[in-house]
Amino acid sequence: MDSAVTTTRCPSCGELAWLDDVFCEACGGRIGESTAGAVAPAEAPAETAAGPSEQPGTGPRVESFAAEPMTRALTQWPVADLPTRADPAWPIADPPTRAIPVWPVGESPTRAVPGGPVAPAAPTATAEPAWPVDEPAPQADPVWPGEAALDEAPVRSSDARSRFTVTPVGGSVRDGRDGCVHCEYRDLDEDGYCLRCGLRRPTGRDRMADDLGVVAGVSDRGRVRESNADAMAFGFTGDVAQPEYVAAVVCDGVGSGAKAGQAAQDAADAGAAELLGCLADGLDARKASTMAMAAAGDAVNALADPRLAEEDTPATTYVSAVVTAAEVTVAWLGDSRAYWVAPGARADAPGAHGAPGEGVTCLTIDHTVRNTYLADGMRAAHTLTRWLGADSDGTDPQVSTVRPDRAGVLVLCTDGLWGYLDDPGTLAAEVLTHASAADAASGLVRHALSEGGRDNVAVIAVPFPAGRRWP
Amino acid sequence: MEQPHFDVEVAQNRYLPRGADTVDAIVTVTAHPPAQELRPSVAVVILLDCSASMYRPSKLAAAKRAAHAAIDSLRDGAGFAIVAGTHEATMIYPESSELAVAGEATRYEAKRAVDEISAGGGTAMSRWLRAAGALFAGSRYELRHAILLTDGRNTSEQPEAVSAALTELQDTFRCDCRGVGTDWLVSELRQISEALLGTVDIVAEPDELVTDFAAMIERAMRKSVPDVTLRLWTPKEAAVTAVRQVDPAVLDLTAHQENAQAQACDYATGAWEFETRAFQVRIAVPSAGVGDTMLACRVSVVDAAGEVLGRGKVLATWTDDPAYYGALDPQVAHYTGQVELATAIQHGLDARRSGDLDTATHKLGRAVALAAQSEHAETMKLLSKVVDVEEAETGRVRLKDTVDELDHMTLDTRSVVTTRRHGRS
């Protein structure tokens with residue numbers, strides 16, 4: 001960080017902050033002079049009874065944020081310093097567009113140093129809007145998560161598990177598809193080597209896939225990382241022909257190695273099971289999402305080992321989706337994303353827009369330092385500001401519910417995919433040209449691999465409305 | 001019925017750094033031939049240099065005795081013929097241009113015919129080779145083996161004539177070449193033996209020919225699996241860039257490719273007895289992702305009928321871990337060194353011959369270091385007749401002021417003979 005940047009302290013909580021910050025990163029309180037239209041940071045934890053926040057300033061913050069129109073605020077969310085083709089640090093051939101922030105997938109996301117100086121995410125008066133004000137920002141959070149609070153611990157029926165179907169714990173470590181996952185040639189030899197391209201069928205977590213018809217997902221180690229620290233789990237309640245809820249979780253383990261993969265898989269498994277259990281018990285999707293996130297957090301924390309070095313402590317990102325006949329509810333921590341994809345569609349949520357005519361809407365906002373700092377035109381590493389697991393600031397997710405006005409597909413993915421979605425049209429084209437959820441998911445994974453596969457990738461596709469097979 | 005089978009062992013540097021696109025492997029093949037009674041039919045043609053230079057009585061007499069020993073070593077039923085080579089090729093036995101069948105009577109007649117040989121005329125080896133090719137072509141013998149004996153250079157024709165004949169005859173029969181004395185050219189006989197998958201050696205004293213010929217024939221009689229090919233399958237975007245035999249001697253097979261298909265090609269290795277040979281295979285592959293494992297090459301040993309007699313796999317795994325990709329496979333390193341040793345000797349001797357003494361000292365010094373490192377005692381002994389070794393490990397040598405021509409040619413001829421890796425890990 002530039003040493004010329006000076007710091008100050010938040011008047012409310014005393015947290016270190018940058019001099020030109022408007023809001024405190026820690027408590028959300030106002031630091032300096034507000035400017036017209038400047039508003040909330042992207043993130044704010046849900047207020048839940050189950051997990052009351054110990055951070056100071058939680059109460060007033062929610063009110064002050066609610067007073068501002070989110071859409072207006074987010075149109076000024078600049079994405080000014082995205083690398084361009086001329087930037088030598090940029091490892092991907094094509095520069096990203098402004099529509100969706102893209103970071104170099106070669107970098108591993110890291111966690112912000114706890115207690116370190118983290119700037120709040122507010123635009124400043126001097127910051128030049130990155131795009132015309134009348135063009136909607138790609139990321140918007142239409143529903144504030146405060147109402148997702150749970151009043152009391154829910155009573156879970158004992159047979160809940162028998163009323164839903166979910167992918168196996170540990171992930172589906174074998175891709176059930178025949179043939180080569182690399183070049184799609186049909187014939188493999190007795191040891192799993194492709195008779196055309198010679199590459200071996202991936203083993204273990206290197207390639208995971210499952211297809212439940214109403215939801216399908218694929219995860220791949222990629223072409224650079226030595227192991228797969230992405231994970232996924234998904235399922236549905238009721239009968240597969242007419243499921244009431246379809247639920248899915250994607251996680252991206254922080255760091256590399258077996259521990260990161262374990263954290264991600266345990267979080268995904270625990271989250272999906274809790275999510276489906278709560279839904280089967282009749283909880284609404286938003287409450288279930290928050291409950292599931294807490295269960296996932298417990299699963300990750302169970303892996304913690306005080307003997308481990310700090311960078312080896314387990315942590316993961318988390319994004320979940322609940323799809324019904326009428327609604328899509330997403331909940332997340334970190335930078336794994338949910339996209340709504342439909343031909344020319346727009347969901348009815350305020351501020352949720354795709355690039356015109358392309359029908360792609362990102363329903364989540366990354367919890368990253370980059371998103372935070374972009375407002376100041378500063379460059380920032382792709383550093384997570386929120387996550388599940390060690391040193392996290394809690395498991396309260398950001399939750400968003402939309403009611404799409406037409407049939408479409410919800411896509412959950414890790415940065416291993418969205419880092420290669422420099423054009424939202426790519427996502428629409430990949431999803432809408434395939435004939436099933438499974439084909440769409442593997443098509444998107446193939447896109448990421450063919451673009452370089454610099455990171456692990458996990459993709460889940462859920463057709464909407466729930467139970468719809470495909471157009 | 002007992003089938004021959006071949007053990008195929010692959011030693012390789014399996015781990016490659018990110019972006020690497022070359023895979024090296026040593027494929028060691030051991031043949032397990034079938035029982036005696038199933039052995040294939042064999043035919044031998046002896047090409048005796050009868051040019052004027054052989055006139056010196058000791059040479060011609062020794063050649064005749066060697067031919068006698070060869071004829072006596074033929075087993076009953078084997079096809080055979082004796083051809084006199086000058087500026088043309090003349091049938092000695094049988095008189096007609098076809099192979100005789102070995103038996104008591106034919107052996108006797110053949111030896112009588114050999115005794116009648118007289119020397120005179122030039123040397124045109126391409127005609128000798130074509131004569132052998134014609135004799136084999138008109139026969140149904142499975143194993144076809146020629147022995148070429150000469151004492152001089154191929155002076156009666158242009159070198160292109162031999163090259164053209166070899167291109168035509170390649171892989172149709174095996175030919176072992178023997179040079180008597182020091183008036184012949186190692187490069188000429190090496191060209192023939194490499195094209196026809198045989199050996200070349202120097203016979204210092206004419207009298208040594210007798211045991212050498214008998215041994216060659218006995219060896220030919222032991223060959224029991226004819227026309228074995230190494231079939232190398234590669235992925236679609238990959239290609240075999242080099243194949244050479246490295247044990248028992250260095251022999252480049254890259255030019256012996258045949259039957260090429262989209263993803264596979266065959267390399268002829270000739271006939272096998274119960275023996276072990278090693279091959280160095282180099283494959284250019286498209287670099288894959290870190291963590292990916294590729295079947296870079298599937299090695300099959302295939303007989304003339306296309307039956308697969310043994311298999312092995314060459315793999316490639318890309319990694320960022322230097323502990324993996326930095327480790328040299330000892331077998332690969334050993335034979336890479338043996339190939340370099342042969343090349344260093346040949347280049348060093350060429351330089352010495354042409355008066356470039358600095359290069360000669362450098363190359364032969366390198367050869368001494370490599371021979372010491374691989375404990376190649378035979379080659380070290382031959383090298384020490386050409387250079388004075390001051391420090392073997394570092395290759396510090398001085399060229400000898402005078403070197404016996406025989407020692408120079410012996411070192412050259414046997415430079416390709418490799419040693420196996422000694423028990424060090």
Side-chain angles (χ1 to χ4, degrees), chain A residues 91-92 105-108 173 175 179-208 219-230 256-258 260-261 416 420 445-457, chain B residues 8-10 12 14-25 231-241 261-265 281-300 308 310-326:
Chain A
I92 299 175
V105 228
E107 300 172 9
S108 178
V173 293
D175 189 339
C180 177
V181 301
H182 302 281
C183 75
E184 300 199 303
Y185 191 67
R186 200 179 57 257
D187 296 330
L188 307 182
D189 78 359
E190 68 282 1
D191 293 333
Y193 291 99
C194 172
L195 293 178
R196 184 165 171 275
C197 75
L199 286 169
R200 189 172 62 188
R201 177 202 286 275
T203 56
R205 295 187 56 78
D206 285 0
R207 176 85 178 188
M208 300 188 287
S219 177
D220 195 284
R221 177 175 56 77
R223 313 302 302 271
V224 173
R225 297 288 173 86
E226 302 244 9
S227 62
N228 187 3
D230 281 6
S256 55
Y420 289 112
V445 168
R446 196 177 314 117
H447 170 75
L449 296 181
S450 68
E451 293 290 307
R454 291 172 195 279
D455 199 355
N456 309 142
V457 52
Chain B
V8 178
E9 276 176 55
V10 175
Q12 63 165 131
R14 171 176 165 182
Y15 293 95
L16 305 177
R18 176 195 300 252
D21 56 5
T22 302
V23 183
D24 281 309
R231 177 166 297 166
L232 302 181
W233 175 97
T234 53
K236 200 161 169 35
E237 306 294 328
V240 175
T241 52
Q261 296 161 21
Q263 285 182 244
C265 44
V281 176
R282 172 165 288 189
I283 306 138
V285 294
S287 179
V290 167
D292 282 344
T293 294
M294 181 186 283
L295 178 58
C297 180
R298 193 170 47 220
V299 182
S300 309
V308 175
R311 295 175 203 275
K313 285 181 177 184
V314 180
L315 305 177
T317 297
W318 283 263
T319 175
D320 279 338
D321 189 346
Y324 281 94
Y325 67 70

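Everything numeric in this text was worked out from a predicted model, so none of it was measured. Each chain gets a letter, A, B and so on, in the order the sequences are listed, and its residues count up from 1. Both backbone and side-chain heavy atoms feed into the values below; hydrogens, waters and symmetry mates do not.
- The residue among Ala288(B), Ala316(B), Ala296(B), Gly289(B) with the most heavy atom pairs within less than 4.5 Å of chain A is Gly289(B).
- For chain A, no part of Thr317(B) is nearby; none of its heavy atoms comes within less than 4.5 Å.
- Residue-environment remark: OH (Tyr185(A)) exceeds the threshold of 12 foreign heavy atoms within 6.0 Å.
- By the 4.5 Å heavy-atom criterion applied to side chains, Arg200(A) and Leu315(B) are not counted as neighbours.
- For Gln263(B), the CD atom sits in a packed shell: over 12 heavy atoms of surrounding residues, nucleotides or ligands are nearer than 6.0 Å.
- The pair Glu190(A)-Lys313(B) meets the salt-bridge criterion, since a charged nitrogen lies less than 4.0 angstrom from a carboxylate oxygen.
- Looking only at distances, a side-chain donor or acceptor of Arg221(A) sits under 3.5 Å from a matching main-chain atom of Val290(B).
- Among all heavy-atom pairs drawn from Cys197(A) and Pro235(B), the shortest one is O-CB, 3.2 Å.
- Heavy atoms of Leu195(A) lying under 4.5 Å from chain B belong to its backbone as well as its side chain.
- Asp320(B) approaches Glu226(A) most closely through the heavy-atom pair N-OE2, 3.1 Å.
- Separation of atoms CZ (Arg201(A)) and OG1 (Thr293(B)) is listed at 14.0 Å; rounding is to 0.5 Å.
- Proximity to chain B (any heavy atom under 4.5 Å) is restricted, for Cys194(A), to the backbone atoms N, CA, C and O.
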